[in-house]
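Note that this is a predicted model, so its numbers are computed, not measured.
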Amino acid sequence: MSQKLYRFWYHYNKPASLKRGRSVLTVHWKNKCILVDNIKCEVPTESHERKSQPRCIIRGYATDVVVIDDIAYIKK
């Protein structure tokens, strides 16, 4: 039985990066914005241009996103 795939996307978060003094990424998953320091992605992704900010995002489909120690693990 296959699990349902959900759309996720992530991008560089400049305001949060300036505030924390290091690079911060935002992962959007199931209507939540998750701030992380790193991403480990096990699924195919694609870039996508938007008309609003953030202009360029990376998106794909996953079954789960788990955050451990500020690292987002995006799983098949």
| message | Quick check: closest heavy atoms across C56 and S47, and the distance to 0.1 Å? | response | SG-CB, 4.4 Å
| request: Output the distance between atom NZ (K75) and atom SG (C41), rounded to the nearest 0.5 Å. | output: 11.5 Å
| task | Report yes if the side chains of P54 and Y12 come closer than 4.5 Å at any heavy-atom pair, otherwise no. | result | no
| request: Would you name the heavy atoms of E46 and R7 that are closest together and state the gap between them? | output: OE2-NH1, 4.2 Å
| field | With I68 via side-chain contact (heavy atoms from CB on, under 4.5 Å) - residues at least two apart | value | V66, Y73
| query | Can you get from I39 to V65 by hopping between Ile, Leu, Val, Met, Phe, Trp and Tyr side chains that sit under 4.5 Å apart? | reply | yes
| message | If hydrophobic clusters are built by linking Ile, Leu, Val, Met, Phe, Trp and Tyr wherever their side-chain heavy atoms come under 4.5 Å apart, do F8 and V67 end up in the same one? | response | yes
Which atom pairs, donor and acceptor, lie under 3.5 Å between side-chain atoms of residues 26-38 and protein residues at least two apart or in another chain?
residue	atom	partner	partner atom	Å
T26	OG1	N13	ND2	2.8
H28	NE2	H11	NE2	3.0
D37	OD1	R22	NE	3.3

| request: Using modelled atom types only, decide if a donor and an acceptor are shared between the side chain of R50 and the backbone of Q53 within a distance under 3.5 Å. | output: yes
| Can you get from V43 to L25 by hopping between Ile, Leu, Val, Met, Phe, Trp and Tyr side chains that sit under 4.5 Å apart? | yes
| message | Show the nearest heavy-atom pair for residues I71 and K40, with the distance to one decimal. | response | CG2-CG, 3.8 Å
| Reported CD-to-CD1 distance for the pair E42 and I74, which is rounded to 0.5 angstrom | 9.5 Å
| note | Rounded to the nearest 0.5 angstrom, the OH-OG1 distance for Y10 and T45 is 5.0 Å
